[in-house]
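Working notes, structure below.
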Amino acid sequence: MSTEGQLDTIHMMVNMGPQHPSTHGVFRMVLWVDGERVVDLEPHIGYLHRGSEKLCEGEIYAQIVTLFDRLDYISNLNNEMLFCRSVEKLMGLAVPERAEYIRVILCELNRVASHLLFSGTFGIDAGAMTPIMYAFRDREKIQSMFEAVTGARMMHNYIRIGGVKGDVPEDFAQRMGVLLGEIRQGIDETDRLLSFNEIFLARTKGIGVIDAETAIAYGMSGPSLRACGVPMDVRKDQPYSVYDRFDFGIPVGEKGDSWDRYYVRVMEMRESLSIIEQALEQLPDGPTITPTRLVLRPPQGEVYVRGENPRGEIGVYLVSNGADRPYRVKVRPPSFCNLMALKELLKGTYVADAVVILGSLDIVLGEVDR
Amino acid sequence: MVERHRREETPQAPVALDDKGRALQLLLPEILAEFQPEVGAAVDLVVATVKPQDVPAVCRLTKEDPRLSFDYLMCLCVVDYVEHLQVVYHLYSTTMKHMMVLKANVSPEEPSLPSVIALWTGADWHERESHDLFGVVFEGHPNMNPLLLYEGFEGYPGRRNYEMPEYREW
Amino acid sequence: MELNVGTGNQEPRSLLNRAAPGVITARSEQLIAMARKSSIWPMTFGLACCAIEMISTYMAHHDLDRFGIVTWPSPRQSDVMIVAGTVVKKMAEPIKILYEQMPEPKWVIAMGSCATNGGPYYRSYSVVMGVDHIIPVDVYVPGCPPRPEALIDGILKLQEKIMQDAGERGRKT
């Protein structure tokens, strides 16, 4: 007498809690599993909600740059540039050419640093313990360069409203030339180690596939969307700063799986290096900041500014009522919108793949929770 | 008697629409005529204000009309202007590469308007967050549990009348 | 006159030293403390931005492995909790649970200004002003974020503290 078909089964709840080596910060996933297959997912965020947006309403514009530094804490300079651009747009402030070029160089260098961190931690998620050492070796070189230019390894507070805080060191071009060569070699090494490794391919190819239409409906952006085949990049669609003067490509994936999301970022690093080289050639002389008052009073109005962060499209909605503090600052974080698609991505996959898929989305909880 | 010289009025940010913006400014009143929107501009974006109950229908029109095709919801947020709460939608079209802003005003005592989650699934967490921080209820949203704040948090921190805690050193 | 070139060895004092020269003796607490401080296993607990600098400290450039420090995911088998990042009220309870799951002897390093006293978020409605409101802290490492060298300095201070606490009776033995 067989009892198959009369067995009562319930789905087991697995809590990948806020403290977990693979959740990239304080993110909690509650998975309901049927054996090894994930049936349902309930993400819980808010374990890093610091109230940055509300704090912005009590600080002058110059202080808010430091709060924006700490939102997406891996791409600090990109966030600073976004906020400064929004205030400059509201005020109609012109930024000197040299400052624009320095901003672009530093932002692209920050993009490379962020993608290096991603490739290292994604390797760890898949089980590869060595590539992160190589990735961080190159990241340390970039951080030394940041320290020489801005004074800090992270949380630079260098891109100010009206330009940049100070000029670059005198031997900047020569040091950057050396650095770019070393970074290029480092990227090639990490690529050789990880990208076409058989085990890595088995762990990431075909895992976590999402199609372009669903991705757009969820509001995904950045490399996670470009891996699905949609060539959407704010630097090309609505060029800001001096990005329209450079010749660079947008790497686009084919299938929208985890490997595509990883390899799009590796190719983007190379494109960023080419942008930096072009910017260094074109770097003009001149002032580095348009002098403004410390306590700014922009005119009344509102503005929405988009930027291309390493993680995707970040937006800031700034409402001013003429006072020295903003009326409302709202940040549209790329990781927040990418993370919404996690439920869709994890349906029907194995529990072990959940870690790899979450890693391939490259989220930073600082900007998800703000 | 010393008269202090005060600025008469706060300066407004100048409006500077580009070609796509100007085209949208002409197109929107025509397409959304039955909802009688107020179409204006803010620096470089076209702004359309509609009544809160019309929001899903307006959004459906903006998404499906081939001249607009706003298929990407960039941001959904709430701004507290003390007499009313303003829900702001920033829309973008991936095909035509233009942007617009849609606004709806709700009262702070009973802030509720229909959800747009059926049109853009990406509105999910944005609406939950707005509910957490401002108390705006989105009708038709399947799950309004707190997203960012802990269970049992009292008050709506996003609102202007929320008292920030005093800083205590120890 | 004969030059008295000493050999560097002191006069043997105790019976054991006279009976078996070349044997080092110490109190057991000091030996155990020396073993503990040379093999601190922190729990992987990065909360926010300071976690990135903490990861940089573990990596090859500012190596922490040379101090015997290996990062360990499970709280049940770790010695130190390095609270790196802002402590939010929603996260306060998990932190307390994790601290209670760690077996004795355990220490806590508060890394960064957010874990020390709230940091740049000192006026926020949802931030705990310093992790020492929840769990006892042994070493505070200031900075926003502290450089890897500063974190290494904090860990060395913790090692000193472990030795010092073992020297005093009744403390963390």
Side-chain angles (χ1 to χ4, degrees), chain B residues 75-88 106-112 115 117 122-138 141-170, chain C residues 45-51 75 81 83-101 107-144 146 154 157 161:
Chain B
C75 184
L76 200 172
C77 66
V78 177
V79 186
D80 184 7
Y81 299 103
V82 183
E83 296 110 26
H84 58 259
L85 294 174
Q86 190 171 75
V87 185
V88 184
V106 290
S107 77
E109 291 84 29
E110 285 195 22
S112 89
S115 160
I117 195 171
D124 185 0
W125 280 9
H126 284 115
E127 294 183 342
R128 266 174 86 179
E129 180 198 331
S130 303
H131 173 76
D132 254 354
L133 296 180
F134 288 89
V136 178
V137 175
F138 289 89
H141 193 280
N143 177 16
M144 273 276 151
N145 288 336
L147 186 72
L148 294 178
L149 303 170
Y150 55 87
E151 299 264 347
F153 192 97
E154 279 170 18
Y156 297 118
R159 298 208 183 181
R160 298 292 284 193
N161 57 8
Y162 183 80
E163 270 181 46
M164 295 291 272
E166 234 178 74
Y167 172 55
R168 280 165 204 245
E169 184 83 35
W170 45 73
Chain C
F45 195 52
L47 293 169
C49 349
C50 283
M81 185 199 239
V83 182
T86 321
V87 179
V88 168
K89 288 179 185 168
K90 193 169 179 178
M91 190 66 194
E93 207 192 307
I95 290 182
K96 188 102 173 62
I97 294 176
L98 283 166
Y99 181 74
E100 283 164 4
Q101 281 179 341
W107 297 275
V108 175
I109 296 181
M111 176 182 176
S113 45
C114 289
T116 307
N117 68 346
Y121 301 97
Y122 69 96
R123 278 182 305 126
S124 173
Y125 52 83
S126 69
V127 166
V128 179
M129 303 302 163
V131 78
D132 51 6
H133 286 262
I134 311 173
I135 54 180
V137 174
D138 293 288
V139 176
Y140 296 87
V141 182
C144 190
K157 281 269 181 323
K161 180 176 181 180

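To find a chain, count down the sequence lines: A is the first, B the second, and so on, and within it residues start at 1.
The two residues Arg123(C) and Met164(B) come nearest to each other via the heavy atoms O-CE, 3.3 Å.
Tyr150(B) contributes atom OH, which lies 12.0 Å from atom CD of Glu93(C) (distance to the nearest 0.5 angstrom). Separating the CG atom in Leu149(B) from the NZ atom in Lys89(C) is a distance of 10.5 Å, to the nearest 0.5 Å.
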